[in-house]
Novice: 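What follows is a structure written as structure tokens; I'll ask about it next.
Model, not experiment: these values are computed from the prediction.
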Amino acid sequence: MKKLLLFLLLLIPFSVLAESYTFEDLTITLEDSDWIVFTKDNIDGNPAIEEQKINIDTLKDLFNNKNVYLDANIFDSVNPAENVELIVGISEANSRYNLHNYSKRRVNKILKETVDDYKDYKVLDSYIYSNNKYTYIAIYYEDKFVYIIDYNTVINGKTYTIKCQKGTEFNDTDKKNLEHIIDTIKYEYKEEYEVKPPLLEPIERIIVWGLIGAIIGGVTSLIMRRKMNR
């Protein structure tokens, strides 16, 4: 009985702290209570906007004009460069296949082509991230002293980009924490996209949402830069 009670108590923090958000066919779960989450539906009258001195027009622009569905932030009051921002972006990919159904060799080719799309940035690393459920093209790059990792995948004819950015380089712990969040993501498949691409069919390119506007308009990047320039 005591063991059962202890087990139940261990479950309480997760059930209290975890928050799940669904956008299109994606559901993402954030377990850390430090995340301040903005969506299109919760910005009006949100006290965090005034507390963090965020321009609400910046948020509205992200949600209304840049295909952003979630903007989550962890603010560091001592060192703004350590602010962390997590963004979920979704755009049309016009692809007939889910990315995880391609062979590893073909995904590697897609990776190389995707890196070419980041030619205007300083690419620090690029790799395939697979968690036995989904496959992501991961690009780690720098843009004007902001460090960014984009995880891109294609599901049901849409590109889903999970973008994380901060003012200092990502260390191993940062990457593991980010990958843990990536691993919480679940997608609802549409049957017509859950098929193997024919071997002789040309590989479809990923339309990278993450480069549409890049970090311009990002909440954390704006706050960090404003405080660094004082």
Novice: About how many Å separate CD1 of Ile185 and OG1 of Thr27, when rounded to the nearest 0.5 Å?
Specialist: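 With rounding to 0.5 Å, OG1 (Thr27) is 9.5 Å from CD1 (Ile185).
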Novice: Do Tyr134 and Tyr187 have ring centroids that are under 6.0 Å from one another?
Specialist: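 Aromatic pair counts; centres sit under 6.0 Å.
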Novice: Please report the C-alpha distance between Arg96 and Glu201 in whole Å, then the side-chain angles of each, then the deciding distance to 0.1 Å, and finally whether the side-chain contact (heavy atoms from CB on, under 4.5 Å) criterion is met.
Specialist: CA-CA 11 Å; Arg96 292 165 291 170; Glu201 187 163 331; 2.4 Å; yes
Novice: Considering only NZ, NE, NH1 and NH2 on the basic side and carboxylate oxygens on the acidic side, decide whether Glu85 and Lys163 come within less than 4.0 Å.
Specialist: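 No, no charged N to carboxylate O under 4.0 Å.
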Novice: Is there a donor-acceptor contact under 3.5 Å linking the side chains of Tyr129 and Asp183?
Specialist: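 Judged by distance alone, the side chains do pair up.
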Novice: Can you confirm whether Glu191 is buried at CD, in the sense that more than 12 heavy atoms of other residues, nucleotides or ligands lie under 6.0 Å from that atom?
Specialist: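 Open: at most 12 neighbouring heavy atoms sit under 6.0 Å from CD of Glu191.
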Novice: Can you tell if the side chain of Ile139 reaches within under 4.5 Å of the side chain of Tyr121, non-hydrogen atoms only?
Specialist: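 They are not in contact (no side-chain heavy atoms under 4.5 Å apart), so the answer is no.
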Novice: Measure the CG-NE2 distance between Asn131 and His180 for me, rounded to the nearest 0.5 Å.
Specialist: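 One gets 12.0 Å once the value is rounded to the nearest 0.5 Å.
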Novice: Please confirm whether the backbone N or O of Leu62 pairs with a side-chain atom of Asn65, one donor and one acceptor, at under 3.5 Å?
Specialist: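 No, because the side chain of Asn65 does not come within donor-acceptor range (under 3.5 Å) of the backbone of Leu62.
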Novice: Thr153 vs Ile137, test: side-chain contact (heavy atoms from CB on, under 4.5 Å). Steps then yes/no.
Specialist: CA-CA 6 Å; Thr153 193; Ile137 301 296; over 6 Å; no
Novice: Are side-chain N/O atoms of Asn152 and Thr161 paired as donor and acceptor at under 3.5 Å?
Specialist: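 Note: Asn152 and Thr161 side chains meet the donor-acceptor criterion.
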Novice: NZ of Lys133: more than 12 outside heavy atoms within 6.0 angstrom?
Specialist: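 For Lys133, atom NZ is crowded (more than 12 foreign heavy atoms under 6.0 Å).
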Novice: Report the C-alpha distance between Ile87 and Leu70 in whole Å, list the side-chain angles of each, state the deciding distance to 0.1 Å, and finish with yes or no for side-chain contact (heavy atoms from CB on, under 4.5 Å).
Specialist: CA-CA 6 Å; Ile87 294 174; Leu70 175 143; over 6 Å; no
Novice: Test Tyr69 against Leu26 for side-chain contact (heavy atoms from CB on, under 4.5 Å), laying out the working first.
Specialist: CA-CA 11 Å; Tyr69 287 71; Leu26 168 150; over 6 Å; no
Novice: If you count the non-hydrogen atoms of other residues, nucleotides and ligands that lie under 6.0 Å from CD in Glu113, is the total more than 12?
Specialist: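 Yes, enclosed.
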Novice: Shortest non-hydrogen contact from Ala48 to Ile54?
Specialist: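 Where Ala48 meets Ile54 most closely, the heavy atoms are O-CD1, 4.4 Å.
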Novice: Are any side-chain N or O atoms of Asn98 and backbone N or O atoms of Asn101, one a donor and one an acceptor, separated by less than 3.5 Å?
Specialist: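 It does not hold such a pair.
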Novice: Could you tell me if the side chain of Ile36 sits less than 4.5 Å from the side chain of Ile74, heavy atoms only?
Specialist: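 A side-chain contact under 4.5 Å is absent here.
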Novice: What's the separation between atom NZ in Lys60 and atom NZ in Lys66, rounded to the nearest 0.5 Å?
Specialist: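 Answer for the NZ-NZ pair, Lys60 versus Lys66, is 15.0 Å.
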Novice: When rounded to the nearest 0.5 angstrom, what distance separates CG in Asn108 from OG in Ser103?
Specialist: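 Nearest 0.5 Å value for the CG-OG distance: 8.5 Å.
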Novice: Is it the case that atom CG in Asp116 sees more than 12 heavy atoms from other parts of the structure closer than 6.0 Å?
Specialist: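 More than 12 within 6.0 Å, yes.
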Novice: Does the Asn79 side chain pair with the main chain of Ala81, one donor and one acceptor, at a distance under 3.5 Å?
Specialist: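 Yes.
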Novice: Considering only NZ, NE, NH1 and NH2 on the basic side and carboxylate oxygens on the acidic side, decide whether Lys122 and Asp143 come within less than 4.0 Å.
Specialist: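 So Lys122 does not pair with Asp143 through a salt bridge.
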Novice: Take Tyr140 and Phe170, measure what ring-ring contact (aromatic ring centres under 6.0 Å, His included) needs, and give me the verdict at the end.
Specialist: CA-CA 9 Å; Tyr140 175 36; Phe170 285 78; 5.7 Å; yes
Novice: Look only at the side chain of Asp174 and the backbone of Asn171, and say whether a donor-acceptor pair between them is shorter than 3.5 Å.
Specialist: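 Yes, because the side chain of Asp174 sits within donor-acceptor range (under 3.5 Å) of the backbone of Asn171.
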Novice: Search all heavy atoms of Asp57 against all heavy atoms of Asn55 and return the closest pair with its distance.
Specialist: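 Answer, listing the atom of Asp57 first, then Asn55: N-OD1, 2.8 Å.
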Novice: Decide yes or no for Glu31 and Thr184: does some side-chain heavy atom of the first lie under 4.5 Å from some side-chain heavy atom of the second?
Specialist: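 Side chain of Glu31 against side chain of Thr184, heavy atoms only: contact under 4.5 Å found.
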Novice: A side-chain contact here means heavy atoms from C-beta on lying under 4.5 Å apart; do Leu30 and Leu86 qualify?
Specialist: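 Result yes, sub-4.5 Å side-chain heavy-atom pair found.
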Novice: Cut-off 3.5 Å, side chains only: do Asp44 and Asn46 have a donor facing an acceptor?
Specialist: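 No, no side-chain donor-acceptor pair sits under 3.5 Å.
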Novice: With no hydrogens and no angle check, just 3.5 Å: does a side-chain donor-acceptor pair link Asn83 and Asp76?
Specialist: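 No, no side-chain donor-acceptor pair sits under 3.5 Å.
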Novice: Check whether any side-chain heavy atom of Tyr97 sits under 4.5 Å from a side-chain heavy atom of Val195, and report yes or no.
Specialist: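 The answer is yes, as the side chains (C-beta and beyond) meet within the 4.5 Å cut-off.
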Novice: In terms of side-chain heavy atoms, does Thr29 have a donor or acceptor partner in Ser20 at a distance below 3.5 Å?
Specialist: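 Per modelled atom types, Thr29 and Ser20 side chains form a pair under 3.5 Å.
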Novice: Taking the side chain as every heavy atom from C-beta outward, state whether Lys40 and Asn64 have any atom pair closer than 4.5 Å.
Specialist: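 They are in contact (side-chain heavy atoms under 4.5 Å apart), so the answer is yes.
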Novice: Looking only at side-chain N and O atoms, does Tyr141 offer a donor or acceptor that is under 3.5 Å from a partner on Asp150?
Specialist: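 On atom types as modelled, these side chains qualify, holding a pair under 3.5 Å.
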Novice: Would you say Phe63 and Ile43 make side-chain contact, with heavy atoms under 4.5 Å?
Specialist: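 Touching, per the 4.5 Å side-chain cut-off.
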Novice: Mind checking whether Tyr193 and Ile110 sit in one hydrophobic cluster, side chains of I, L, V, M, F, W, Y counted as touching below 4.5 Å?
Specialist: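 Not linked; separate clusters.
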Novice: Between Tyr21 and Val37, is there a donor-acceptor pair closer than 3.5 Å when you use the side chain of the first and the backbone of the second?
Specialist: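 Between the backbone of Val37 and the side chain of Tyr21 there is no qualifying donor-acceptor contact (under 3.5 Å).
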Novice: Is Ile56 close to Ile49 at the side-chain level, that is, under 4.5 Å between some pair of heavy atoms?
Specialist: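 Sidechains of Ile56 and Ile49: in contact.
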Novice: Which heavy-atom pair separates Arg106 from Pro202 by the least distance, and what is that distance?
Specialist: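 Closest approach of Arg106 to Pro202: NH2-C, 4.1 Å.
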Novice: Quick one: CD on Glu188 to OG1 on Thr22, what's the gap to the nearest 0.5 Å?
Specialist: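 Result: 8.5 Å between the selected atoms.
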Novice: Look up atom CD in Glu179 and atom CD1 in Ile149, then write down how far apart they are to the nearest 0.5 Å.
Specialist: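 Atom-to-atom, Glu179:CD and Ile149:CD1 are 8.0 Å apart.
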